[in-house]
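Each chain gets a letter, A, B and so on, in the order its sequence line appears, and its residues count up from 1.
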Amino acid sequence: MGYDWDFAVVLRDFDLLLLGLLNTLKVTGLALLFGVPLGLVLALCRLYGNALIRWPVGLVIEFLRTTPPIAQLFWFFFALPILAGVEINPFEAAVLTFSLQSSAFFAEVFRGGIQSIERGQWEAAKAIGMTRNRALRRVILPQAVKRMIPAFLERAIELMKTTTLVGTISYADLLFRANQIAQSTYRALEVFTIAAAIYFVVIFACSLGVRLLETRMARSGESTAR
Amino acid sequence: MDYAWDFSAIVQYRGLLLVGLLNTFKLAAVCLVLGLAFGLPVGLMRYARSPWLNWPATAFVEVFRNTPVLVQIMWFFFAFPIISPFDINAFTAAALGLTLNTVAFSSEIYRAGIQSIAKGQWEAGKALGMTGKQQLTRVILPQALRRMIPAFMNRAIELVKMTSLASVIAYGELMHQAKTISTIAFNPIEMYTVVALIFFALIAPPALAVQRYEKSLERRG
């Protein structure tokens, strides 16, 4: 392989890549901020709603989980604005798509967590006169949420990986910036390798954190929900 | 919303969509077969005591599990051709990225599946005079594979969803064909709605089937 590697050209634009990373984190963070509470609402609807609520909510969750994120993103960016007569910029479309998409996955995490709590806990709460709402809030959720933390963080990491799609609607995330720099410097090999390395460092650090947390929770005898 | 829906263009260009659907299947099938085939040796290498086998396999798996798939596909499409000894088109780039990604994830399924088999099974095989390889292929894998089926099915489902990413490098799968049609016919609303529904129709039934199967496995214990 007689290829002359030249990272210097690329490193000059390194701050541009970091700006891209910042945008990646921004979209991920906002999607989490909206997606998690929405996920809880969806999970509660699916678990405790009547048939009129349960079925449509279940359908929406399954739809969001089984269609490719890129199809959802394109729908919200290209179709929704015409349909609803509003203007949506790439950033808003990205946040909207990933909030909804991740809420479906978080709903399933919440559901698994709530269902993993033994029935005796419900009965005990009832026995001391708690209403179902109160039992859920004071007894079930605090225990369930604790078990869900690892599954929940894994989902957040998955979300960060999925946000690389925003480049396709021209939102300047890390991957989009890498592509731009590759085109202006003709150094695609170096740029994409560095971009991949940045993603790896960030995501691998998060994964290691989650694994550490999992072993610690396992050691303290706390079972985790999946 | 008084938008007048018009699906006629989609009917008109159904041939393009059909080609896209076939390409989606082609890409998914190739990556699934290769991914599962190479996942086993990689999974076994992570068991090996020798660091010469263990380390490269671990590094490979961690890199592919901890970077976004789209980055992998774009790397193989834009960066890899520069040092590649052979020509890379959109299909090969997508297939390389998705296959290696599937290898990494499926190797973890093999590893977990094999680990889930009680140690006594290895020992029983050994007591019968079987070699390590025989124990693995005759005793452990037949039992482990059955437990891995739901995980593999989920992987396959995830893979079909991921093939849509190949549209970013202009491989003519379903999503890319939809994009093309929506630019020719100016019907993004109808086209992107229909393409989402097609994916839903493709993926939801097997996804539900896997959920059912997992539940029945749990009940049987």
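Ranking A:Thr168, A:Ile198, A:Leu175 against chain B, the residue ahead of the rest is A:Leu175, based on heavy-atom pairs under 4.5 Å. Between chain B and the options A:Ala197, A:Ala71, A:Gly85, A:Ala178, the largest number of non-hydrogen pairs under 4.5 Å is found for A:Ala71. Contact count versus chain A (heavy atoms, under 4.5 Å) is highest, among B:Thr193, B:Val69, B:Val195, B:Leu208, for B:Thr193. When A:Thr66, A:Ile70, A:Asn179 are compared by the number of non-hydrogen pairs under 4.5 Å with chain B, A:Thr66 comes out ahead. Highest contact tally toward chain A, considering only B:Met74, B:Glu190, B:Met191, is held by B:Met74 [criterion: heavy-atom pairs under 4.5 Å].
Annotation: the span from A:Phe74 atom CZ to B:Ser164 atom OG amounts to 9.5 Å, rounded to 0.5 Å. A distance of 5.0 Å separates CD1 of B:Ile83 from CH2 of A:Trp5, quoted to the nearest 0.5 Å. Distance check, rounded to the nearest 0.5 Å: OG1 of B:Thr67 to CZ of A:Phe200 gives 7.5 Å.
Neither the backbone nor the side chain of A:Ala182 comes within contact range of chain B, judged by heavy atoms closer than 4.5 Å. Using a 4.5 Å cut-off between heavy atoms, A:Leu174 does not touch chain B at all. Using a 4.5 Å cut-off between heavy atoms, B:Ala204 touches chain A through backbone and side chain atoms alike. For chain B, the nearby parts of A:Arg65 are the backbone and the side chain; heavy atoms of each come within less than 4.5 Å. Contact annotation for B:Val168: only side-chain heavy atoms (C-beta onward) come within less than 4.5 Å of a heavy atom of chain A.
B:Trp75 has its side chain within reach of A:Thr193: a pair of non-hydrogen atoms, C-beta onward, lies under 4.5 Å apart. Counting only heavy atoms from C-beta outward, the side chains of B:Pro68 and A:Ile203 approach each other to under 4.5 Å. Side-chain contact check for A:Leu83 versus B:Trp5: some heavy-atom pair is nearer than 4.5 Å.
Ring geometry, B:Phe200 versus A:Phe63: the interplanar angle falls from 30° to 60°, so the pair is classed tilted.
Ion pair B:Glu62/A:Arg211 flagged as a salt bridge, since at least one NZ, NE, NH1 or NH2 atom sits closer than 4.0 Å to an Asp/Glu carboxylate oxygen.
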